[in-house]
Protein chains: 2
Amino acid sequence: MFNKETEYALRGLVYIDLQNMGGRRPGTLEIAREIEAPPFYIAKILQRLVRAGFLRSLKGKGGGFFFDPDKPDVPIINLISSIEGDRSFSGCSFGLKQCDSDNPCPLHGKYAPIREAINKLITEETVQSLAEKVYKNEFHLNEFLK
Amino acid sequence: MFNKETEYALRGLVYIDLQNMGGRRPGTLEIAREIEAPPFYIAKILQRLVRAGFLRSLKGKGGGFFFDPDKPDVPIINLISSIEGDRSFSGCSFGLKQCDSDNPCPLHGKYAPIREAINKLITEETVQSLAEKVYKNEFHLNEFLK
DNA sequence: TTATTAAAAGACAAAAAGGTCTTTTGGTAA
DNA sequence: TTACCAAAAGACCTTTTTGTCTTTTAATAA
Ligand code: FES
Ligand code: FES
């Protein structure tokens, strides 16, 4: 579905938001351990996401990553677009230059509604809405974490 | 959705089946031109698919690629699995080790039905069913081809 | 103000995906 | 049986993805 970087980013940001709820600002090592991602890699990924404005960070003792409470929730489609580019979930499943319902490929009829469902999903869900689900114990971040 | 190799394979095999209907056995250069794929690359891809038993080929003058009329239709899920491996459309969208509805990630609820729809689609459609749609002029292989 | 802490920056590297090309093999047709 | 044709085989290359590591910068706390 998503590439590794996107997966790590999703799990990482949800974990960060979850910890922020408890007034904590997790650092790269803790995040890497909890979401089971390569430490240096998640550090690099978060660095880029901070630069892109998705969240903030603080250096030094007590430092770490956190979301600005004044900023609006982050729809995961924004995250995905920022990492994978806009190509995701817009193109033709057959690889035609563009998906055109007036000139459809033989998969279009059945694929287009699925693609729409994916777009709806990633537009509606935000990092915060996902974190909320985990917080309510309804859903899981990994096999250990509740 | 799919990777490049899968896209080329899908378009290539549908084109081959379409030509077979007219008693022709297209070769790599013709296929590459018609489906707009890199010639040497589609040659390599088809070579692998022949070896994997998806279709047959003949060398020399009048040679080319063709489907054995006695063999059953090829569901595209087989093609996709052969190229991309089984990981596609079975794993967790969040990257958890396994998708487990008793222990779901926060995307599971909305993603699982979508994944099911994808699996249904690629299980039901075959190279031949797709070629048939193109043949009936209902759907397109590329922007030039009818 | 100094030691310590943790992120930022950026170089580096391994692996996978995507693509190219040459040589060999096995067919066809004259 | 010779010339030719087209796929098979496999080496090679480029780009992208994924991942690692060292050095620098900025914040905190003693
Ligand atoms: S034309 Fe291929 S998915 Fe729309
Ligand atoms: S647990 Fe993540 S999609 Fe099922």
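None of these values were measured; they are calculated from a predicted model. Just so it is clear: chains get the letters A, B, ... in the order the sequence lines come, proteins before strands, and each one is counted from 1.
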Completion exercise
side-chain hydrogen bond (donor to acceptor under 3.5 Å, both in side chains) pairs touching residues 21-32 of chain A, sequence neighbours excluded, are Tyr15(A)-Glu30(A), Gln19(A)-Arg24(A), Arg24(A)-Glu30(A)
What integer distance in Å separates [X]:[atom1] from [N]:[atom2]?
X: Arg48(A); N: dG10(C); atom1: CZ; atom2: C1'; answer: 11 Å
X: Phe40(A); N: dA14(C); atom1: CZ; atom2: P; answer: 16 Å
X: Ile83(B); N: dA17(C); atom1: CD1; atom2: P; answer: 12 Å
X: Phe2(B); N: dG18(C); atom1: CZ; atom2: P; answer: 13 Å
X: Glu36(B); N: dG19(C); atom1: CD; atom2: P; answer: 13 Å
X: Glu84(B); N: dA16(C); atom1: CD; atom2: C1'; answer: 13 Å
X: Glu30(A); N: dT5(C); atom1: CD; atom2: P; answer: 16 Å
X: Ile42(A); N: dA8(C); atom1: CD1; atom2: C1'; answer: 15 Å

I want to check one thing: is the phosphate of [N], taken as OP1 and OP2, less than 4.0 Å away from some side-chain N or O of [X]?
X: Thr28(B); N: dA7(D); answer: yes
X: Tyr8(B); N: dG18(C); answer: no
X: Ser57(B); N: dA6(D); answer: no
X: Arg51(B); N: dA9(D); answer: yes

Practice task
Please answer: with hydrophobic residues joined when any side-chain heavy atoms are less than 4.5 Å apart, are Leu10(A) and Phe66(A) in the same cluster?
Solution key: no
Exercise for the section: Answer with yes or no whether the hydrophobic clustering places Ile45(A) together with Val50(A); edges join I, L, V, M, F, W, Y residues whose side-chain heavy atoms lie under 4.5 Å apart. Expected result: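 Same cluster: Ile45(A) reaches Val50(A) through Ile, Leu, Val, Met, Phe, Trp or Tyr contacts under 4.5 Å.
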Selection from [options] that lies nearest to any side-chain heavy atom of [X]:
X: Gln47(B); options: dA9(D), dA8(C), dT22(C); answer: dA9(D)
X: Lys59(A); options: dT20(D), dA8(D), dT25(D); answer: dT25(D)
X: Tyr41(A); options: dT18(D), dA7(D), dC21(D); answer: dT18(D)
X: Glu5(A); options: dT22(D), dG19(C), dT18(D); answer: dT18(D)
X: Leu58(A); options: dG10(C), dT18(D), dA27(D); answer: dA27(D)
X: Lys61(B); options: dT20(D), dT20(C), dT28(C); answer: dT28(C)

Exercise for the section: Find out whether Arg56(A) and Lys71(A) are in side-chain contact, i.e. whether some heavy atom of one side chain is under 4.5 Å from a heavy atom of the other. Expected result: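 A side-chain contact under 4.5 Å is absent here.
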Problem - Side-chain donor/acceptor of Lys44(B) to base of dG19(C), under 3.5 Å - result: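 By the distance-only test, no, there is no pair.
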Exercise for the section: Output yes when a side-chain donor or acceptor of Arg11(B) lies under 3.5 Å from a complementary backbone atom of Glu34(B), and no otherwise. Expected result: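 No, Arg11(B) side chain to Glu34(B) backbone: no donor-acceptor pair under 3.5 Å.
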Practice task
Report yes or no: does Ser129(B) contribute a side-chain atom to a donor-acceptor pair with the main-chain N or O of Glu125(B) at less than 3.5 Å?
Solution key: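 Checking the backbone N and O of Glu125(B) against the side chain of Ser129(B), no donor-acceptor pair under 3.5 Å is found.
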Problem - Closest-nucleotide 5' rank along DNA chain C - winner of Gly60(A) and Ala43(A) - result: Gly60(A)
Fill in the blank from the handout: When rounded to the nearest 0.5 Å, the distance separating CD of Gln98(A) from CG of Leu96(A) is 9.5 Å
Practice task
Starting from the C-alpha separation in whole Å, work towards a yes-or-no answer on side chain to side chain donor-acceptor pair (under 3.5 Å) for Ser81(B) and Asn78(B).
Solution key: CA-CA 5 Å; Ser81(B) 296; Asn78(B) 295 3; 5.8 Å; no
Problem - Gly62(A) or Thr6(A), whichever maps to the more 5' nucleotide of DNA chain D - result: Thr6(A)
Handout entry: Contact list for DNA chain C against residues 63-76 of chain B - heavy-atom distance below 4.0 Å
Key = none
